[in-house]
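Below is one structure, written out as C-alpha cells; comments come after it.
Excluded from the calculations below are hydrogen atoms, water molecules and symmetry mates; all remaining heavy atoms, backbone and side chain alike, are included.
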Amino acid sequence: MGPWDLPPAWFDQLAPGGTLVVPLHWRGQARSIAFTRHDTHLRAENSQLCGFIPMIGIVPTGEQTGTVTKDVALYWDADQNIDAAELQDVFSGPEITIWSGVFVVANEPFDHIWLWLTATEPGTCRIDAEDQAIEAGVCRPAFAYRTPTIVEGESLAYLTKPRPADQPGPHGERRYELGATGHGPAAARLAERIVSQIRRFDRDRSAQPIITSYPADRAEETRPAGIVIDKSHVRLVITS
C-alpha cells in the first residue's frame, strides 16, 4: 500500500546515508521514490511511476475529492487552495486545445510530464472521467481515471488525449502528438503552461526534479527553492 504522508519514525529510524524506498502519493499521482537520509532531510533524485492502493490508518490520506460535473471528479491535496464548487460550470465555458509539437510512439511513457508539473504548478491535481463523460465529449483526458490537471480559480487544464501524427517516425513507427485542453476563463493560459512542461519533458525525457522531504516540525527556514507541499508529518520541496 502507498502512503500519502511519511511517519516521523521512518525518518528517525533511518541511519544517515540510508535509503528509504516508498510509493508516495502526492498531487494525484503515486511514485516509488528512493530517498537518501541526510542530517536534516531526505533527498531523492529518482522516482518511478507506480500503482499502489492508498494506505489507511496511522498515516491517513490527505487527498480531497469533489464532483466537477456529471461523471467527472477532481482529486487534490489538502494543502491546495482548490475549491471544486468554483468549477461546477467549467466544462460549459470557453475551451481550447493546444498541441505541443512533441510526439511519442505507442507505449512510450510520458509520466515525467506530471512529475514536472508538480515541480512548477501549485495547482497540479488530477481528474477522473467516466466513459460516459468522454463519449459525450465533455472532456478528452489522456487517461480516463488518472490524468494530470492544473486548477486556478474557475479554470482548469489537463493533459489531453494524444492525437495521431500525420507522418510516421523515422523508422515507420506510429507517432502521437501531446497537448493540453483548457476550460474556463483562463483556458488558454493554463493549457499553455501544461504545454510548456510537455516541451520541458521533451528536452530531456529522462530528467527529473529533485524531491526533498523535511520533518514538518523540524523544517528549516533555509530550503531549496521550489514548490512546497505540506503534509501532516513532512514538508516536500519539489525543485525543478
Side-chain angles (χ1 to χ4, degrees), residues 1-66 73-82 109 111-128 143 145-151 197 201 206-240:
M1 292 187 177
W4 179 83
D5 203 352
L6 300 177
W10 291 6
F11 180 87
D12 295 335
Q13 295 172 6
L14 189 65
T19 299
L20 170 67
V21 179
V22 57
L24 189 64
H25 290 248
W26 82 97
R27 299 305 190 245
Q29 64 177 345
R31 299 189 69 89
S32 180
I33 307 178
F35 283 113
T36 299
R37 167 71 192 270
H38 295 264
D39 288 342
T40 59
H41 59 276
L42 305 174
R43 189 174 188 270
E45 298 181 4
N46 184 42
S47 69
Q48 301 295 326
L49 188 69
C50 64
F52 279 80
I53 297 172
M55 184 181 291
I56 58 175
I58 192 170
V59 185
T61 180
E63 189 172 62
Q64 314 294 304
T65 185
L74 186 73
Y75 291 81
W76 68 96
D77 287 335
D79 68 309
Q80 292 179 285
N81 184 25
I82 292 176
D111 56 278
H112 281 191
I113 296 169
W114 198 337
L115 188 57
W116 283 113
L117 285 171
T118 71
T120 57
E121 292 289 343
T124 300
C125 52
R126 71 177 172 98
I127 57 170
D128 178 336
F143 307 100
Y145 300 116
R146 193 173 290 271
T147 289
T149 303
I150 58 175
V151 169
Q197 295 310 313
F201 154 78
S206 65
Q208 298 189 30
I210 294 171
I211 304 169
T212 310
S213 173
Y214 297 88
D217 60 349
R218 287 173 275 174
E220 297 178 340
E221 293 183 4
T222 302
R223 298 185 306 272
I227 294 293
V228 174
I229 299 174
D230 280 319
K231 297 177 177 287
S232 299
H233 299 302
V234 299
R235 170 170 287 177
L236 296 181
V237 182
I238 317 296
T239 306
S240 60

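Phe201 CZ to Asp111 CG: the interatomic distance, rounded to the nearest 0.5 Å, is 8.0 Å. Distance check, rounded to the nearest 0.5 Å: OG1 of Thr212 to CZ of Arg235 gives 12.5 Å. Taken from CG in Leu49 to CD in Gln29, the straight-line distance is 7.0 Å, to the nearest 0.5 Å. The line from CZ of Phe11 to NE2 of His233 is 14.5 Å long, rounded to the nearest 0.5 Å. Here the OG-CH2 distance, from Ser213 to Trp26, works out to 11.0 Å after rounding to the nearest 0.5 Å.
Just one residue in the list Ile33, Thr118, Asp5, Leu24 forms a side chain to side chain contact (heavy atoms under 4.5 Å, CB included) with Leu236, and that residue is Leu24. With Trp76 as reference, Ile82 is the one residue of Asn81, Ile82, Thr124 to meet the side chain to side chain contact (heavy atoms under 4.5 Å, CB included) rule.
Of the possible polar contacts, one joining the Trp114 side chain to the Arg27 backbone as a donor-acceptor pair under 3.5 Å is found. With Thr149 contributing its side chain and Thr147 its backbone, the two residues share a donor-acceptor pair below 3.5 Å. A donor-acceptor distance shorter than 3.5 angstrom exists from the side chain of Arg146 to the backbone of Gly28, with no hydrogens or angles considered. No donor-acceptor pair closer than 3.5 Å links the side chain of His112 to the backbone N or O of Gln208. In this structure a side-chain-to-backbone donor-acceptor pair under 3.5 Å is present from Gln64 to Gly62.
Residues Ile238 and Ala119 share a closest heavy-atom pair of CG2-CB, 3.4 Å. In this structure, Gln197 and Trp116 approach most closely via the heavy-atom pair OE1-CB, 3.5 Å. Here the closest non-hydrogen pair linking Pro209 and Ser240 is CB-CA, 4.2 Å. Arg31 approaches Cys50 most closely through the heavy-atom pair C-SG, 3.6 Å.
Using bins of under 30°, 30° to 60° and over 60° for the plane-to-plane angle, the ring pair Tyr214/His41 lands in the tilted bin.
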Subject >> Audit row: Arg126, Asp128, side-chain contact (heavy atoms from CB on, under 4.5 Å) steps and yes/no >> reply: CA-CA 7 Å; Arg126 71 177 172 98; Asp128 178 336; 4.2 Å; yes
**OP:** Carefully, step by step, assess Glu45 and Thr36 under the rule side-chain contact (heavy atoms from CB on, under 4.5 Å).
**Re:** CA-CA 9 Å; Glu45 298 181 4; Thr36 299; over 6 Å; no
**OP:** Run the numbers on His25 and Lys231 for side-chain contact (heavy atoms from CB on, under 4.5 Å), then give the verdict.
**Re:** CA-CA 11 Å; His25 290 248; Lys231 297 177 177 287; 5.6 Å; no
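The shortest distance between side-chain heavy atoms of Pro148 and Cys125 does not fall below 4.5 Å. Side-chain contact between Phe35 and Ile211: present, with at least one pair of heavy atoms (C-beta onward) separated by less than 4.5 Å. In this structure the side chain of Asn46 reaches within 4.5 angstrom of the side chain of Gln48, judged on heavy atoms.
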